[in-house]
Amino acid sequence: MHSDWAAAAERAIVTRHLRRLWGLPGTLLARSGWPATPDQRLHVHWNYWWQAHLLDCLTDAQLRDPTPAREAAIERFVSSMRLRNRGSWRNDYYDDLAWLGLALQRTGRDVGFFLGELRSGWTTEGGGGIWWRRGDRFKNAPSNGPAAILFARAGDVERARELLDWMEKTLVDPDTGVVWDGLRVDSGDLVQEIYTYCQGVFLGACLEMSELDRAARTIRAVAANCAPGGVLRGQGGGDGGLFAGILARYLALAVHRLPAGPEADAARDLVLASAEAAWTGAADAYGGPLFSPEWNEPAPTPPLPKNHPARDLSVQLGAWMLLEAAATL
């Protein structure tokens, strides 16, 4: 059942969003919205890290149901991303670099460039950690979490440990176990917003470093603070459309990595209940289901109102990521 749902989500996104880059033969890139605006049709509106997550979802689908056609599409997609990024992987946002590094690593590619870039973003200021972006004075979970996962998977356990411990010391609320967003280094102010994104990347880093007690604590915090009615909450369109999907990915991984017990059961329940809600609330649309930015609310029926968050690729990717996660359970 969940595999069928994931396959339907894949078909919908491929049908609605994947197109040639600038009409060039042999290219493939995702439009940022559907129906696409003129600038989205030309890929003027460029979402580097959304595309990274689409690559991750294509890889999930290839693991679920391998096909030569998808394997070829992944190759075209990777080369088209680099072409659209002016022939390089460079980006000013360290979290974006970490996400694309993770996605490319799963396709078997060398990620030495990304590791080098992330190392260059680390300083002792604020107690350690990687900046959010070049020239900024903010260090946060969205940059340090995926970087820690990437370093751990690449075998640099020392750097991964350093990043995870910095997050634990700086961003984890000792009372609730939730992971706050980030630290404004110059003022020392903590941004204590609670995003599903931050819980997910911290959980993923804990799992890669076999910090199972920290992982279990994070799952308890998610269940208590991020999932009203047992369904992971959404955080709008734009970048927020990906947040809950990222958390679902690492909750599903936790089910496989944690010993049997209440936290593993809670992680499974959160993913499966969210998948049920997202699927049940989806609307019929061209190519397949159209998902709501809030999985416990129904999606709008097309034609979509102007600027509705369900138009965003990020929202649809978040749901696809969720359903691929559910398919592994």
Closest non-hydrogen atom pair between Leu322 and Ala248, with its separation = CD1-CB, 3.7 Å
Check: Thr218 side chain, Leu203 main-chain N or O, donor-acceptor pair, under 3.5 Å | no
Just jot down the side chain to side chain contact (heavy atoms under 4.5 Å, CB included) partners of Arg159, sequence neighbours excluded, or say none.
-> Arg119, Trp122, Phe151, Asp156, Glu162, Leu163
Is the shortest side-chain N to carboxylate O distance from Arg217 to Glu263 below 4.0 Å?
-> no
Start with the C-alpha gap between His2 and Trp5, add the side-chain angles, then the distance that decides, and say whether ring pair (Phe, Tyr, Trp, His ring centres under 6.0 Å) holds.
-> CA-CA 5 Å; His2 295 114; Trp5 293 356; 5.1 Å; yes
In this structure, CG of Asp95 is separated from CG of Asn140 (nearest 0.5 Å) by 6.5 Å
Could you tell me whether a side-chain N or O of Ser314 sits under 3.5 Å from a main-chain N or O of Gly238, the two making a donor and an acceptor?
-> yes
Step by step, would you call Thr37 with His45 a side-chain contact (heavy atoms from CB on, under 4.5 Å)?
-> CA-CA 9 Å; Thr37 61; His45 189 58; over 6 Å; no
Could you give me the CA-CA distance, side-chain angles and deciding distance for Leu232 and Val271, then say whether side-chain contact (heavy atoms from CB on, under 4.5 Å) is met?
-> CA-CA 8 Å; Leu232 297 175; Val271 173; 5.8 Å; no
Return the orientation label for the Tyr195 and Phe243 ring planes: parallel under 30°, perpendicular over 60°, tilted otherwise.
-> perpendicular
Using the ring of Trp34 (Phe, Tyr or Trp, six-membered ring only), decide whether Arg311 places NZ or CZ under 6.0 Å from its centre and within 45 degrees of its axis.
-> no
For atom CD of Glu71, decide whether the heavy atoms of other residues, nucleotides or ligands shown that lie under 6.0 angstrom number more than 12.
-> no
Is the shortest heavy-atom distance from the side chain of Trp50 to the side chain of Ser32 under 4.5 Å?
-> yes
Enter the distance from Gln62:CD to Ile74:CD1 here, rounded to the nearest 0.5 Å.
-> 5.0 Å
Is Glu324 salt-bridged to Arg249, cutoff N-O under 4.0 Å?
-> no
Between Ser88 and Arg90, do the side chains contain an N or O donor and an N or O acceptor separated by less than 3.5 Å?
-> no
Verdict with reasoning, Gln316 to Leu290, per side-chain contact (heavy atoms from CB on, under 4.5 Å) = CA-CA 7 Å; Gln316 302 309 311; Leu290 179 81; 3.7 Å; yes
Exam field: side chain Gln235 to backbone Thr196, donor-acceptor pair closer than 3.5 Å | yes
Residues Thr170 and Lys139: side-chain donor-acceptor under 3.5 angstrom = no
Would you say Gln51's side chain and Ala30's backbone share a donor-acceptor pair under 3.5 angstrom?
-> yes
Counting only N and O atoms by type, is there a donor-acceptor contact under 3.5 Å from the side chain of Arg137 to the main-chain atoms of Arg184?
-> no
Quick one: list whatever passes side chain to side chain contact (heavy atoms under 4.5 Å, CB included) with Thr280, sequence neighbours left out.
-> Glu276
Less than 4.0 Å between a side-chain N and a carboxylate O, is that true for Arg133 and Asp136?
-> yes
Does the Glu211 side chain pair with the main chain of Leu207, one donor and one acceptor, at a distance under 3.5 Å?
-> no
Starting at CG of Leu247, measure out to CG of Leu242 and round the result to the nearest 0.5 Å.
-> 12.5 Å
Is the backbone N or O of Glu117 less than 3.5 Å from a side-chain atom of Ser120, with the two atoms forming a donor-acceptor pair by type?
-> yes
Considering only heavy atoms from C-beta outward, does the side chain of Cys198 approach that of Leu171 to under 4.5 Å?
-> no
Test log, rule side-chain contact (heavy atoms from CB on, under 4.5 Å), inputs Glu208 and Leu253 | CA-CA 10 Å; Glu208 294 303 324; Leu253 187 60; 3.9 Å; yes
Quick one: sort the Phe114 and Trp89 rings into parallel, tilted or perpendicular, breaks at 30° and 60°.
-> tilted
Side-chain touch Leu24/Leu83, heavy atoms, less than 4.5 angstrom | yes
Kindly say whether Gly234 contributes a backbone atom to a donor-acceptor pair with the side chain of Glu294 at under 3.5 angstrom?
-> yes
Kindly write out the residues that satisfy side chain to side chain contact (heavy atoms under 4.5 Å, CB included) with Ala103, not counting sequence neighbours, or none if the list is empty.
-> Leu55, Asp56
CG-CZ distance between Leu58 and Phe77, expressed to the nearest 0.5 angstrom = 6.5 Å
Donor-acceptor contact present, side-chain Trp99 to main-chain Trp49, <3.5 Å = no
Heavy-atom side-chain contact between Leu118 and Leu150 under 4.5 Å = yes
Over 12 foreign heavy atoms within 6.0 Å of CG, Asp284 = no
Measure from the side-chain N and O atoms of Thr67 to the backbone N and O of Arg70, and report whether any donor-acceptor pair falls under 3.5 Å.
-> yes
Taken to the nearest 0.5 Å, the spacing of Asp239 CG from Tyr197 OH works out to 8.0 Å
What distance do Arg233 atom CZ and Asn225 atom CG have between them, rounded to the nearest 0.5 Å?
-> 7.5 Å
All heavy atoms of Ser80 vs all of Gly26, minimum pair found to be OG-O, 4.5 Å
Considering only heavy atoms from C-beta outward, does the side chain of Ser3 approach that of Arg64 to under 4.5 Å?
-> yes
